[in-house]
Q: 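Below is the structure I would like to discuss, written out as structure tokens.
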There are 2 protein chains.
Amino acid sequence: MSDSPADATPRRPATIRDVAALCGVTASTVSRALTTPGRVNYRTRARIEAAASELNYIPNAQAKALSSGRTRTVAVLVADITNPFYFDIIRGTQLQLKAAGYTQLLVDTEESEEVEANTLEQMRRTADGVILTASQLSDAALVAASGRMPLVTINRDMAGVPSVILDTPTATNQALDHLISLGHSRIAYLGGPESSSSNMRRWAALSTAGRERDVDVVRLGPFAPRTYSGAAAADALVHSGATAGIAFNDLMAIGMLQRLHERGVQVPEDLSIVGCDDIFGADFCSPPLTTVTAPIEQAGRVAVTMLLSQISPGVGLLQRNQEVLPTYLTVRGSTGTAPAGSPRLDR
Amino acid sequence: MSDSPADATPRRPATIRDVAALCGVTASTVSRALTTPGRVNYRTRARIEAAASELNYIPNAQAKALSSGRTRTVAVLVADITNPFYFDIIRGTQLQLKAAGYTQLLVDTEESEEVEANTLEQMRRTADGVILTASQLSDAALVAASGRMPLVTINRDMAGVPSVILDTPTATNQALDHLISLGHSRIAYLGGPESSSSNMRRWAALSTAGRERDVDVVRLGPFAPRTYSGAAAADALVHSGATAGIAFNDLMAIGMLQRLHERGVQVPEDLSIVGCDDIFGADFCSPPLTTVTAPIEQAGRVAVTMLLSQISPGVGLLQRNQEVLPTYLTVRGSTGTAPAGSPRLDR
DNA sequence: AAGCCAATGACAACCGATTGCCAAAAATTG
DNA sequence: CAATTTTTGGCAATCGGTTGTCATTGGCTT
């Protein structure tokens with residue numbers, strides 16, 4: 001039992017030459033048999049395939065990459081692996097990449113432009129393409145990078161650079177209407193990082209919509225898109241005198257919920273809160289969060305599809321170079337009718 | 001501006017021979033200058049370094065891997081990328097791998113033994129080592145795999161295979177004592193997958209502890225370790241007549257909380273719930289979950305450290321081949337005193 | 001000044017595949 | 001049946017590095 005053929009795994013994995021030797025052909029023939037089906041007589045191919053599986057031959061990916069120039073690997077750069085938002089992205093990319101036989105390289109850029117640029121340069125050789133989330137790169141650098149290698153961004157709208165955009169501004173406006181219909185007339189936007197283009201787009205949409213609908217929409221922040229900055233955001237919101245707040249993302253919104261609970265401010269009785277993204281947890285926090293539901297995982301999947309069509313243009317899957325994914329408002333327990341007579345919330 | 005030296009990125013990245021040519025030396029000298037510092041005169045090395053940075057030379061990872069046999073890549077296999085538990089693992093591995101200059105390959109095995117085995121065989125060439133979470137492999141297969149390449153498991157206690165174990169049984173017993181001290185005397189364990197070794201160890205510890213302390217500990221399930229199976233678990237718990245439940249993990253516990261809320265069962269007044277892991281969300285669900293806090297991210301980090309010390313044995317970092325990480329009980333709002341007189345919970 | 005040794009850089013083989021080109025064998029054609 | 005075309009497999013170069021071996025150089029000892 002110590003050496004039954006099934007278990008026997010020689011210490012050195014079989015190479016293409018081992019297979020060739022076993023069949024009495026050369027390595028090039030084996031290579032052709034395995035990669036260019038029609039190029040080799042079917043009888044010899046059968047022999048080769050048998051030998052390959054007998055030796056448990058697995059082509060060396062490195063060698064393959066070196067000679068072919070393709071690594072069958074895609075790098076996914078996330079800004080902050082701590083953020084559940086990116087988990088959904090990663091889930092989507094992983095799913096789609098695996099289906100296409102690609103391997104996923106996961107890199108956390110820690111929101112650093114430098115790390116991002118270096119990684120990108122590194123990956124130029126290591127990966128066949130890159131998916132960039134929340135890029136910190138300048139417009140010029142991004143365009144340049146995109147010219148150098150297949151690349152798709154998520155949530156970065158840049159002409160000439162293929163991208164997947166989660167259309168949160170539209171749904172944020174829906175959220176605004178939702179709040180207005182509940183009687184709110186002074187509403188705050190708890191902003192995220194200034195460098196975030198979705199943050200900017202969203203605020204632009206909200207402030208315009210506010211003017212059109214004749215309600216006060218004020219902007220607070222910027223706040224870090226993390227749970228812990230929810231405290232600052234909550235305090236700012238209370239102090240602002242607004243009766244409802246739309247947060248940059250769910251993380252912040254959940255942090256706000258916690259802080260407001262501590263301070264004894266009732267949600268939604270005293271204050272309504274809307275989040276954005278609908279991440280894991282948004283449905284079971286207390287109260288459950290009214291939020292803008294974004295198809296995050298789908299964004300990851302679509303990004304991969306777009307990227308792969310760049311990598312192998314023959315396969316005309318998805319040739320557009322921008323994909324806008326719709327989002328929608330999910331109403332849960334954190335929004336309610338505006339308090340009568342604008343109660344003094346800030347003690 | 002279209003061709004300033006700083007921006008100029010030739011279409012073909014510079015190779016080691018380009019650098020060599022620019023310095024009037026051979027490729028081997030460049031290689032040595034860059035990798036074996038003392039091997040080359042410091043003056044020529046300086047010249048080479050200057051040339052390298054001028055040409056923006058980045059060694060080709062594939063070629064490097066091919067000739068050196070090291071890929072500087074580690075594969076992390078997770079059973080289910082959907083589960084927040086693994087996010088924390090991934091976060092830990094990513095952190096530590098990056099610090100060591102390694103790249104992380106992320107693979108979702110979808111809880112399939114076959115996918116796991118195939119990936120493992122594949123990675124034998126592609127990665128320098130593997131971190132295995134929730135492995136589905138048989139003991140024999142695991143030992144064999146571990147003999148073939150550097151490998152560290154997380155939460156799989158197998159003699160001869162280096163592992164990181166989150167010692168949840170100890171803290172689960174603490175949870176039991178906590179419940180007993182609150183007056184509970186009939187307590188259920190909502191089991192996870194039978195194939196999970198931490199599930200088995202935990203149940204073994206709980207049932208022994210229950211006997212020792214002379215309280216009823218019953219086992220329900222198995223249930224899938226997901227939020228959605230919390231409904232079944234909650235119903236089973238209510239029907240069992242126990243006044244407290246310890247769930248296999250937080251996901252299940254959070255699902256139970258939701259279901260119990262729907263059914264109008266008050267937590268913790270009618271029923272106490274304890275989770276396990278302390279994942280993202282455990283602190284802000286409703287009520288906040290009493291749970292066994294496990295240093296999940298640390299487990300990822302430690303696994304990487306152990307793996308790297310296997311890969312380069314010279315660096316005597318962490319030579320033990322099993323690391324048990326302590327966990328502790330975090331009491332939040334989902335546990336309380338036992339209801340008086342065993343109220344009829346099941347309608 | 002002869003002899004020796006360490007330092008330094010070049011040469012060439014090698015890692016494991018792919019692929020352009022060529023020659024032998026087989027099949028087709030007139 | 002000879003001439004031509006197609007099929008099939010081998011040879012060797014190549015991808016971009018690493019590394020063992022060797023020859024040269026210069027410094028040092030005695």
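Naming: A, B, ... by sequence-line order, numbering from 1 per chain. All figures in this text were calculated on a predicted structure; none of them were measured in a lab.
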Q: Measure CZ/B/Arg43 against C1'/C/dA7 and give the value in whole Å, please.
A: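 To the nearest whole Å, that distance equals 15 Å.
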Q: Can you measure A/Ile58 atom CD1 to C/dA17 atom C1' for me and round it to whole angstrom units?
A: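 That distance rounds to 15 Å.
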Q: Which part of the nucleic acid, if any, lies within contact of B/Thr15, taking any heavy atom under 4.0 Å across all strands shown: a base, the sugar-phosphate backbone alone, or nothing?
A: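 Answer is sugar-phosphate: B/Thr15 comes under 4.0 Å of backbone atoms only.
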Q: With DNA chain D as reference, determine whether A/Tyr42 or B/Lys64 sits nearer its 5' end, using the nearest nucleotide of each.
A: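 Its nearest nucleotide lies further toward 5', so the answer is A/Tyr42.
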Q: Looking only at side-chain N and O atoms, does A/Thr44 come under 4.0 Å of OP1 or OP2 in D/dG9?
A: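 A/Thr44 to D/dG9 OP1/OP2: side-chain N or O found under 4.0 Å.
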Q: What is the separation between atom CD1 on B/Ile16 and atom P on D/dT19, rounded to the nearest whole Å?
A: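 The answer, rounded to whole Å, is 11 Å.
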Q: Hey, does the side chain of A/Ser28 come within less than 4.0 Å of C/dT19's phosphate (OP1/OP2), counting only N and O?
A: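 It does not, given that no N or O in the side chain of A/Ser28 lies less than 4.0 Å from OP1 or OP2 of C/dT19.
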Q: When we call it a touch if two heavy atoms are under 4.0 Å apart, what does A/Thr36 touch: a base, just sugar-phosphate, or nothing?
A: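 The answer is nothing, as A/Thr36 stays clear of every strand by at least 4.0 Å.
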Q: D/dC11 P sits how many Å from A/Arg17 CZ, rounded?
A: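 Distance, rounded to whole Å: 12 Å.
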Q: Judged by modelled atom types alone, do B/Asp157 and B/Gln322 share a side-chain donor-acceptor pair under 3.5 Å?
A: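 Indeed, the side chains of B/Asp157 and B/Gln322 share at least one donor-acceptor pair under 3.5 Å.
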Q: Please report, rounded to the nearest Å, how far the P atom of C/dG16 is from the CZ atom of A/Arg70.
A: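 Distance, rounded to whole Å: 23 Å.
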Q: Is there a donor-acceptor pair closer than 3.5 Å between any side-chain N or O of A/Ser146 and the backbone N or O of A/Val161?
A: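 Not at all, since once roles are kept as given, no pair shorter than 3.5 Å links the two residues.
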Q: Going by atom types only, do B/Thr29 and B/Thr26 share a side-chain donor-acceptor pair under 3.5 Å?
A: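 A donor-acceptor contact under 3.5 Å links the two side chains.
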Q: On the nucleotide C/dA10, are OP1 or OP2 found under 4.0 Å from the side-chain N or O atoms that B/Thr26 carries?
A: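 It does, given that an N or O in the side chain of B/Thr26 lies less than 4.0 Å from OP1 or OP2 of C/dA10.
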Q: May I ask you to evaluate whether A/Ser67 reaches the phosphate of D/dT14, defined as a side-chain N or O under 4.0 Å from OP1 or OP2?
A: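 No, because none of the side-chain N or O atoms of A/Ser67 sits under 4.0 Å from OP1 or OP2 of D/dT14.
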Q: Take the protein atom CG of A/Leu34 and the nucleotide atom P of C/dT19, then report the distance between them rounded to whole Å.
A: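 Taking CG of A/Leu34 and P of C/dT19, I get 13 Å after rounding.
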Q: Does the side chain of A/Thr109 pick up a donor-acceptor pair with the side chain of A/Gln136 at under 3.5 Å?
A: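 The criterion, which ignores hydrogens and geometry beyond distance, is not satisfied for A/Gln136 and A/Thr109.
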Q: Just N and O in the side chain of B/Ser68: are any of them under 4.0 Å from OP1 or OP2 of D/dT18?
A: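 No, B/Ser68 has no side-chain N/O under 4.0 Å of OP1/OP2 on D/dT18.
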Q: Separation of A/Ile48 atom CD1 from D/dT8 atom P, in whole Å?
A: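 After rounding, the reported distance stands at 12 Å.
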Q: Expressed in angstrom and rounded to an integer, what is the separation of A/Asn60 atom CG from C/dG16 atom P?
A: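 Distance check: A/Asn60 CG to C/dG16 P gives 7 Å.
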Q: Using heavy atoms to find the nearest nucleotide of DNA chain C for B/Arg39 and B/Ala63 separately, return the residue whose nucleotide is more 5′.
A: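 Result: B/Arg39.
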Q: Without hydrogens or angle criteria, can the side chains of A/Ser135 and A/Glu116 be said to hold a donor-acceptor pair below 3.5 Å?
A: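 The answer is yes; a qualifying pair exists.
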Q: Mapping B/Arg32 and B/Leu66 onto DNA chain C by nearest heavy atom, which one lands closer to the 5' end?
A: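 This one resolves to B/Arg32.
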Q: Return no unless some side-chain N or O of A/Asn41 is found under 4.0 Å from OP1 or OP2 of D/dT8.
A: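 Looking at the OP1 and OP2 atoms of D/dT8, one of them is under 4.0 Å from a side-chain N or O of A/Asn41.
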Q: Counting only side-chain N and O atoms of A/Tyr57, is one of them less than 4.0 Å from OP1 or OP2 of C/dA17?
A: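 Checking C/dA17 against A/Tyr57, a side-chain N or O does come within under 4.0 Å of OP1 or OP2.
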